[in-house]
Amino acid sequence: MSPALNLPLPHLSRRRLLQRAGGGFGAMAFSALFGNSNTSAAASNPSLARAPHFPAKARSVIFLFMEGAPSQVDSFDYKPMLEKHHGKDPRQAIGRLEKTQFENVGTVMKSSWDFKQRGQSGLWISDLFPHIAGRADDLCVLNSMTSQFPEHTSANYFLHSGLGLQGRPSMGAWVAYGLGSHNDNLPGFVVLNGGQIPSGGLDCFGSGFLPASYQGSLLNANGTPIANIVPGEKIPAWQLAKRHLAERLNRLSLVDSGGSDALESAIANAELAGRMQSTVPDLLDLSGESEATKKLYGMDAEFAHTKTYARQCLLARRMVERGVRFIELTIPMVDGYSRWDAHGGLKSNHGNNARAVDQPIAGLLADLKQRGLLDSTLVVFGGEFGRTPFAQGGDGRDHNEYAFSMWLAGGGVRPGMSWGSSDEWGYKAQENPMEMHDLHATVLHLLGMDHTRLTYRFGGRDIRLTDVHGQVVRGILA
Amino acid sequence: MWKGKSCTGFWPEFCAEQLNYRVNRRPFKFIRAFGIGVCFVGFLTSGLAQEAEFFEKRIRPVLHENCLGCHGPEKQKGGLRLDSRQALLEGGDSGPVIIPGQPEESLLLKAVRHTEKDLQMPPSKAGPKLPESTIADFAAWVQAGAAWPQGDAVTVPARKEVFNLEARKQRLPWIWQTPQAQPVPETAGATEVDQFISAKLATQGLAPAPAADDLTWFRRASFAITGLPPQREAMHAFLLDGSPQRRERVVDSMLGSPHFGERWARHWMDLVRYAETRGHEGDYLIANAWRYRDYLIRAINADVPYNQFVSEHLAGDLLPPRLDPDTGANESVLATGWAFLGEENHSPVDIRQDECGRIDNKVDVLTKTFMGLTVACARCHDHKFDAITQKDYYAMSGFLLGSPYRQVRFGTMAVHSEAAEKLTAIRTEHRAAMAAAFAKAARPAVGQLASQLLAAARTLAGVNPGVVTVPDGFLTAWVEQLKQASETAQHPLYAFAVMARDAEAANPERFKELLRKTLTPAPARPPDASIEADFTSPGATAWKPDGPSFGPRALTPGEVIPGTAGQALLRVMTYGAAVRDPFWNRLSLAPGTEVDSGSQSATARAGRTLVTPRFTLKSGRLHYLIRGKASIYAGVDTHIMVTGPLHGGLAAQFDTQDKLAWVTHPLNAYTGHRTHVEMAPVGGSPLEVLMVVDAAEPPAWLPSLTWLPEAGVASLEAAAESLQTGALAVLDSLASGTSSIGAGLAPLASWMLQQESLLGVNPAVLTESAAGLLKAQDELARTIRWDSALAPALMDASGIDENVLIRGNPQRPGVLASRGLPEAFGQARIAPAGSSGRMELARQLTDPDNPLVARVMVNRVWHHLFGRGIVPTVDNFGFLGERPSHPELLDHLAWQFSHADHWSLKGLIRRLVLTDAFARSSRASDPRATAIDPANLLLHHMPVRRLEGEAIRDALLSISGRLDETLFGAPIPVHLTEFLIGRGSPDSGPLDGHGRRSIYTSLHRNFLPGMMQAFDFPTPFSTVGRRNTTNVPAQSLVMMNDPFVREQAALWAARMMKALPDALDEERIRWLFESAFTRPPGAGEIRIALDSLADMRSLYTGDQAASIWPEFCHALVNANDFIYLK
């Protein structure tokens, strides 16, 4: 960070500030100015769009977070060795094993789902995800992901914020901070909640030391969508009358203050809040969507959780259309709080979880593509770590942070390929191992940001999403 | 990179070098150029062509291909090069990488063999493990002496810039100098502070803004000091007070209000990342965390001098306690709870790494909060900018590593320690008389002991007892006693009974043989090296119990102990031990005490725990020699969340019934980890603890419990005589009033005291002699409060100096860092072996010469009052922080604070609030000021500021009349909404939090109140001295639509209607403005308000029109003047 930013700030009226920020100058300078100041300048509109460091491939990200850690060897990482050695002692077959969460090591366990090569690309995908398998040629499967933590909470924080502890900004918050929003009437980072708040809680979506405006706005798929978005007044005119009174008083107060930036911004902010009360319901109103579209996502599915996730995916597309920068989807409560965490009963756990998300995700990819949005929308799919190739007990799999699979689609990523590999067991990453920091660096890169330059000064340090790490994985860029 | 390792702060250009192993970087061409095939000339070690060939064919290419990308001329990760023999011998940060001739000892081999989890080369990112054949080549090469061609250039890595402490200090010399009183500038100004400010303004030729009006000042002061808006009545009283001291008066009154403590406690809570749960997956409760919050409020209201306040935070458990004058509770110990308000993970796979993270957080909070330094930056390397070394970081860690967690009985601990002294005095007073009474009563029978024993022995052996002088009943009893004794090796009469039972014992040869058998050498004591705690001899292990239950010290062998009703009234200790004193069995918990989560609840141990020092587990198996029922917890790596699947075994229960026995606690997974052991009795059971031993197998040793005849005794008769002589000696001892029978006679004495009837002692004699003791004990017991509240607190277990962990990696310990403040402070090291050293740390920190402690606090206060610190980065005075706008003023104030004002926070606030600077209008009047100093660094006016979320919510409660001014107490559960969800969800609380101030709403890490989150409440993870102030729609949505806000607006309207049932609209509007904005409405505002009322009335019909005022009130709190301070 340039020391120049610590010098006294030039006085800017809010309008001038916004003009400059909107003019596409270094967005980071604006951000730093904004973040470092506790004075009235900080009251400026943080959701304003800011230019990236360099031309971006992706404008928005949809993160399909599969909390609980789906098994790579049952989905996207085909390992014939598991069939061959099924039932054997993994210490004999694989060799020395790392400690696991439960230390209840069973035998080598083959997948319950058949793997096939799919599409033109010939990517191996199992029958666990039949619909997604149909979109194989859109996917870039990462088979060499690693994490540092084999516990859900730490790993969730790590995946979201680049550090295994509570309190760092979530990647959605970093994106919103770096790029602002394309839509004045919606937040830059929205969490579409299917019901499963990850372990670690809402802080997985927190803004940490970044201003609160960048925290993920929780939008419930069912019930009240956003906190306090529903007017308490029965008739819109009633609220308008109140807002009118407040605004007239505010104008007087503004004059009295000699034109305080803080008060001026607060007036604009109240206007925005007022507008959001109608834009959000409009966003959620699916009556304009065709039956074919709804069907594509699986909104007519028998399985209630499929319907929930279908609605989330459809809303995600609508948010992309409205310029929301980062949309994260949590999964429905398919298996209670077990999410994908199949320490036992892998078959039913993974079967049901996949059933909930498979068709909606495939529908989302298809819909984005047909609307020409996939190229500018990066879809990220994956959990916080993977699972062991050997059983935990009889029919579960324990946590495995040494190798797992995620996939990306759209947004400037090469489609129909796989990147990196795990060893022959799917146990440890082997070729081109990837860390979370690499994933973060790559996501930021696709959004036009240099991960080493997206910083925020807190507690005397310029902090990054990627800590001191991270390499953009150039091999997967389109 | 190394797993779990993370630089918690980073500058891309500075930190990146250490951890990013670059993937598959190919060696550079010029290396090849001088590499293979070039230097087949002379070899250092042998010069043999074979070795040359081996090196060039098998070693050098591998180094080139796999290593030099990161450890070559371009990069030296870990400070290491691998392109010359010299470089390998000197090594990098972890030391030499080869020891010629010793491949097994060489780091290079360990790295390529992946024998250590955290030293695996090439790193997984860069490529697979080297083939076994290559590794074998390396081993052979090192074994043979690591030959290298002489012609190669010596390439020693360029040593990193040497850390020069003095040079670093010179970057910012002022922060290392003690603040001094400064000459006050001779400019105009109402106060010294104003003179400093005017002088600075004058340098720019600027004039300050005029004073704000009285009411603006009044509202500003009220929020600054109490966090609440003034009441209308107070406002009118202030306006009516014509005296020139009226501002002083209201400031004093505000500072005297209990709400002052609430306001400023909340500021402090931001610094210590206060929360009441541990976050993570289950968001488990930190039991009784709120006691710390209440402590803050009381301490701040009592104006505890800041140096005392700091000392209490660091060493409140070790200081002479500061007692609550009303309750006698120990206040100072409560302050230490800050250390445990952070996150805890229930099941970390790497428990040591997890500890490092927790310690890092504590060091971070401690150093930022009190010193304004970012010491935690130096966890992995010397600080990049400040005069802080990596060693300084670990020197601070030691203080915390030796200080485990507990729940402390703060309410009664002071009273109990006083009572414990009285108890000792009472027992000392009565012991001699009781012992003498016993001695007197037993003497006639003991005088006959030998003959009685012999008669019993003969009967038992089936030999004619001869002339029996013992009455029949007694003989039977004696026979039974001997029979039992002969079967119990630990019986005091075992040796005698074995001989007595043998029919041939009269035969001298046979007697000798029996004696030899019973005298079989006792099993050896465990070797000292394996004894981790020893309570069998006084002082062997430091005595640091938690609470009074185990008495003032371990008991010694032979000690005469008066007992308690229901137990033996008089007892002699056969062996030394820590013994639970049943007097304290009545300890209980006060109603409402929160219980710790986890299988080993600290709340159940409170006040009843024996604690060992911390030590490193060697065998991984601990054996405890105990008698009774114990609940034992091994504090491995200070892990306290014992609920997960992995570490459940840290807690265990053992029951040896009434026997002295070894029990085993398997902790094999933790070999090499640091732990201490906490032992507490289960329920009302007795518990004696003798020893904690770390060994593969439980020791066979037990203390000798049996009486042995003197050497030379050659017959049963002589043995009986010897016993009688011993027994008489015991009686003599008891009669003399001694406090301890000699250790040799202790088993016999102990046995005698349990044989009242055999020794013909009338029980009434003893009972009578004990009556005084029992009465005195009962009286004492009646004066004691037995139930206590608990609070999290530090405990002083032992002195631990932490190793510098190379690159922050716990697997790679480096040199020891003896405890102390960062070296730049120039203070002595603190290294008491038996104590955490926190007491000395507190002393050094609060020394008035400490350059930072007073400055940092004065600056924090300034920040809260003026909206920006003199040093704006209030938590970081270092190089990456910002420079002070008024350095002389800051020094002057710091000096006044620590000298003239005796560290009084109230004095400081009073001083600042009564300045002209604080009273200035927030409207910049001089147009040149906004041009020259647009950021208002020189304070020509007061900035407009938004209130914090807490102040907004509290203000709503205040104007609505709903505010319940009750102080303190258990948190009010947070009101859950559809947006406050997740695992570990608490029960939902009332919408209005029972009208209590926001500081009393529960703070569960994963369920922070929604309204607070919208208004920039800081995530409680580390020190946040300066909150963000954002302006986002979520805030307006709260004010517009949150049911709580609407409810309060309605209550406010009702309150107004009650006060003014028949008033005109205009009068009501005036009342509302005074209530919400601390001022009457202006003419324009009245017009607008009347207009709006008319509009609303036209919109609403029927009943709704009658309820127009709640709607109007709701609109008023949505006006900016409600949540912004001018």
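Side-chain atoms are counted along with the backbone in the values below, which use heavy atoms only and exclude waters and symmetry mates. In what follows, chains are A, B, ... by sequence order, proteins preceding strands, each numbered from 1.
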Asker: Could you tell me which portion of V1024(B) (side chain, backbone, both or neither) has an atom closer than 4.5 angstrom to a non-hydrogen atom of chain A?
Answerer: side chain

Asker: Output the option from S144(A), S217(A), P231(A) having the highest count of non-hydrogen pairs under 4.5 Å with chain B.
Answerer: P231(A)

Asker: Relative to chain A, which segment of E343(B) carries a heavy atom at a distance below 4.5 Å: side chain, backbone, both, or neither?
Answerer: side chain

Asker: I need the D283(B) CG to S199(A) OG distance, nearest 0.5 Å.
Answerer: 11.0 Å

Asker: Tell me, side chain or backbone of P225(A) under 4.5 Å from chain B's heavy atoms, or both, or neither?
Answerer: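 Contact with chain B is through the backbone of P225(A) alone.
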
Asker: Assess whether side-chain contact (heavy atoms from CB on, under 4.5 Å) is satisfied between S154(A) and N345(B), documenting all intermediate values.
Answerer: CA-CA 8 Å; S154(A) 307; N345(B) 185 350; 3.4 Å; yes

Asker: Return the minimal non-hydrogen interatomic distance between P1043(B) and N228(A), and the atom names on each side.
Answerer: CD-OD1, 4.0 Å

Asker: Could you check if a side-chain atom of L202(A) sits within less than 4.5 angstrom of a side-chain atom of L980(B), using non-hydrogen atoms only?
Answerer: yes

Asker: Please classify the contact of R946(B) with chain A as side chain, backbone, both or neither, using a heavy-atom distance under 4.5 Å.
Answerer: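 Looking at R946(B), nothing touches chain A.
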
Asker: Under 4.5 Å, counting heavy-atom pairs only, tell me which of H346(B), M1039(B), E978(B) racks up the most with chain A.
Answerer: E978(B)

Asker: Nearest 0.5 angstrom please: K242(A) NZ to H1114(B) NE2, how far?
Answerer: 5.0 Å

Asker: Measure the spacing between CD of E1111(B) and CH2 of W238(A) and express it to the nearest 0.5 Å.
Answerer: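 Result: 7.0 Å between the selected atoms.
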
Asker: Is the shortest distance from a Lys or Arg side-chain nitrogen in R1046(B) or E233(A) to a carboxylate oxygen in the other one below 4.0 Å?
Answerer: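 So R1046(B) pairs with E233(A) through a salt bridge.
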
Asker: Please report the C-alpha distance between Q196(A) and R983(B) in whole Å, then the side-chain angles of each, then the deciding distance to 0.1 Å, and finally whether the side-chain contact (heavy atoms from CB on, under 4.5 Å) criterion is met.
Answerer: CA-CA 9 Å; Q196(A) 188 81 254; R983(B) 253 148 278 165; 3.1 Å; yes

Asker: Which region of E151(A), side chain (C-beta onward) or backbone (N, CA, C, O), has a non-hydrogen atom less than 4.5 Å from a non-hydrogen atom of chain B, or is it both or neither?
Answerer: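 Looking at E151(A), just its side chain touches chain B.
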
Asker: Under a 3.5 Å threshold, yes or no: a donor from one side chain and an acceptor from the other, between Q277(A) and N1041(B)?
Answerer: yes

Asker: Highest number of heavy-atom pairs under 4.5 Å with chain A: which of V874(B), T1019(B), D364(B)?
Answerer: T1019(B)

Asker: Could you check which of A246(A), G206(A), G232(A) has the highest count of heavy-atom pairs closer than 4.5 Å to chain B?
Answerer: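 Most heavy-atom pairs within the cutoff with chain B belong to G232(A).
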
Asker: Using a cut-off of under 4.5 Å on heavy-atom pairs, state which of G1082(B), P943(B), S347(B) scores highest against chain A.
Answerer: S347(B)

Asker: Please classify the contact between P348(B) and chain A as side chain, backbone, both or neither, with a heavy-atom cut-off of under 4.5 Å.
Answerer: both

Asker: Return the minimal non-hydrogen interatomic distance between S1036(B) and N269(A), and the atom names on each side.
Answerer: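 Looking at all heavy atoms of both residues, the shortest contact is OG-ND2, 3.5 Å.
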
Asker: Under a 4.5 Å heavy-atom cut-off, does chain B meet the side chain of R243(A), its backbone, both or neither?
Answerer: side chain

Asker: If I measure from the heavy atoms of chain A, does D875(B) come under 4.5 Å with its side chain, its backbone, both, or neither?
Answerer: neither

Asker: So what's closer than 4.5 Å to chain B heavy atoms on A270(A): side chain, backbone, both or neither?
Answerer: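 A270(A) touches chain B through backbone and side-chain heavy atoms alike.
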
Asker: Under the criterion side-chain contact (heavy atoms from CB on, under 4.5 Å), I'd like the reasoning laid out for R248(A) against D1091(B): C-alpha separation, chi angles, the key distance, then a yes or no.
Answerer: CA-CA 11 Å; R248(A) 288 177 73 190; D1091(B) 275 4; 3.3 Å; yes

Asker: Examine whether an atom of L252(A) lies under 4.5 Å from a heavy atom of chain B, and if so say whether it belongs to the side chain, the backbone or both; otherwise answer neither.
Answerer: side chain

Asker: Which residue out of D1042(B), V1038(B), L1008(B), L1116(B) racks up the most heavy-atom pairs below 4.5 Å with chain A?
Answerer: D1042(B)

Asker: Rounded to the nearest 0.5 Å, what separation is found between the CE atom of M276(A) and the CG atom of L1037(B)?
Answerer: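 One gets 5.5 Å once the value is rounded to the nearest 0.5 Å.
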
Asker: Just by distance, with hydrogens left out, do K1126(B) and S260(A) show a side-chain donor and acceptor under 3.5 Å apart?
Answerer: no

Asker: Shorter than 4.5 Å, heavy atoms on both sides: which option in P1033(B), A1089(B), G279(B), G1084(B) has the most such pairs with chain A?
Answerer: P1033(B)

Asker: With heavy-atom distances below 4.5 Å as the criterion, would you say the side chains of N1006(B) and I197(A) are in contact?
Answerer: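 When only atoms from C-beta onward are counted, I197(A) and N1006(B) do not touch, as no gap falls below 4.5 Å.
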
Asker: Ignoring hydrogens and angles, tell me if any N or O in the side chain of D1095(B) forms a donor-acceptor pair with the backbone of A241(A) under 3.5 Å.
Answerer: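 The answer is no, because no donor-acceptor pair under 3.5 Å joins these two groups.
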
Asker: Given a strict heavy-atom distance threshold of 4.5 Å, which part of N104(A) is in contact with chain B: side chain, backbone, both, or neither?
Answerer: neither

Asker: Could you tell me whether the side chains of D1121(B) and S253(A) share a donor-acceptor contact shorter than 3.5 Å?
Answerer: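 A pair is found: one side chain offers a donor N or O, the other an acceptor, under 3.5 Å apart.
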
Asker: If you apply the rule side-chain contact (heavy atoms from CB on, under 4.5 Å), what do you find for V944(B) with L263(A), and how did you get there?
Answerer: CA-CA 8 Å; V944(B) 172; L263(A) 295 177; 4.1 Å; yes

Asker: What is the ring orientation for Y157(A) with H280(B), classed by angle as parallel under 30°, tilted 30 to 60°, or perpendicular over 60°?
Answerer: perpendicular

Asker: Minimum heavy-atom separation for A273(A) to M1040(B), with atom names?
Answerer: CB-CE, 3.8 Å

Asker: Quick one: CE on M1096(B) to CG on L245(A), what's the gap to the nearest 0.5 Å?
Answerer: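 If I round to the nearest 0.5 Å, the distance is 5.5 Å.
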
Asker: Report which part of E431(A) has an atom under 4.5 Å of a heavy atom belonging to chain B: side chain, backbone, both, or neither.
Answerer: neither

Asker: Looking at every non-hydrogen atom in both residues, tell me the closest pair between L1099(B) and A237(A) and how far apart they are.
Answerer: CD1-O, 3.6 Å

Asker: At a heavy-atom separation under 4.5 Å, does T100(A) approach chain B through its side chain, its backbone, both, or neither?
Answerer: backbone

Asker: Is chain A contacted by the side chain of F1073(B), its backbone, both, or neither, given a heavy-atom distance below 4.5 Å?
Answerer: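 Looking at F1073(B), just its side chain touches chain A.
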
Asker: Under a 4.5 Å cutoff for heavy-atom pairs, which residue among N193(A), D256(A), I229(A), D203(A) has the most contacts with chain B?
Answerer: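 Heavy-atom pair counts peak at D256(A).
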
Asker: Return the minimal non-hydrogen interatomic distance between P150(A) and V349(B), and the atom names on each side.
Answerer: CG-CG2, 3.4 Å

Asker: CZ of R275(A): more than 12 outside heavy atoms within 6.0 angstrom?
Answerer: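 Check passes, neighbour count above 12.
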
Asker: In Å and rounded to the nearest 0.5 Å, what is the CG to CG distance from D462(A) to L880(B)?
Answerer: 6.5 Å

Asker: Can you tell which part of V191(A) gets under 4.5 Å to a heavy atom of chain B, answering side chain, backbone, both or neither?
Answerer: neither

Asker: Please look at T1023(B) and chain A and tell me whether the side chain, the backbone, both or neither of the residue comes under 4.5 angstrom of a heavy atom of that chain.
Answerer: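 Looking at T1023(B), just its backbone touches chain A.
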
